[in-house]
Amino acid sequence: MSIRKFAPKTQHDYVQGVKEFAAFLGRSPDAAKAEDVRGFRLHLASCGAGTPKINATCSNRTSTFG
């Protein structure tokens, strides 16, 4: 992430998002499918997360895993 010049807060938020995703899956997210990301988006929405948080949290997961 340093090579891509992500700010420290961006790096922190990204790592937190991956941790939340892994906790939701109950396993490592390295083998996650697009359907897993969709389920996570629905989970975030049902927990009251706003659209900006859902998009920020899931956009990098979609490009990475889906």
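Index from 1, following the sequence. Everything numeric here is computed off the predicted structure, so don't read it as measured data.
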Holding to side-chain contact (heavy atoms from CB on, under 4.5 Å), I want the full list of residues that pass it with L25, two or more places apart in sequence or in another chain.
F21, R27, P29, A32, D36
What are the two closest heavy atoms between C58 and F40, and how far apart are they?
SG-CD2, 3.8 Å
Could you pull out all residues at least two apart from S28 that satisfy side-chain hydrogen bond (donor to acceptor under 3.5 Å, both in side chains)?
D30
T57 side chain vs K53 backbone, donor-acceptor pair below 3.5 Å:
yes
Atom CD of E20 and atom CD of Q16: how far apart are they, to the nearest 0.5 Å?
6.5 Å
Heavy-atom side-chain proximity of Q11 to V15 below 4.5 angstrom:
no
Taking only residues two or more places apart in sequence, or in another chain, which ones meet K19 in a salt bridge (charged side-chain N to carboxylate O under 4.0 Å, His left out)?
none
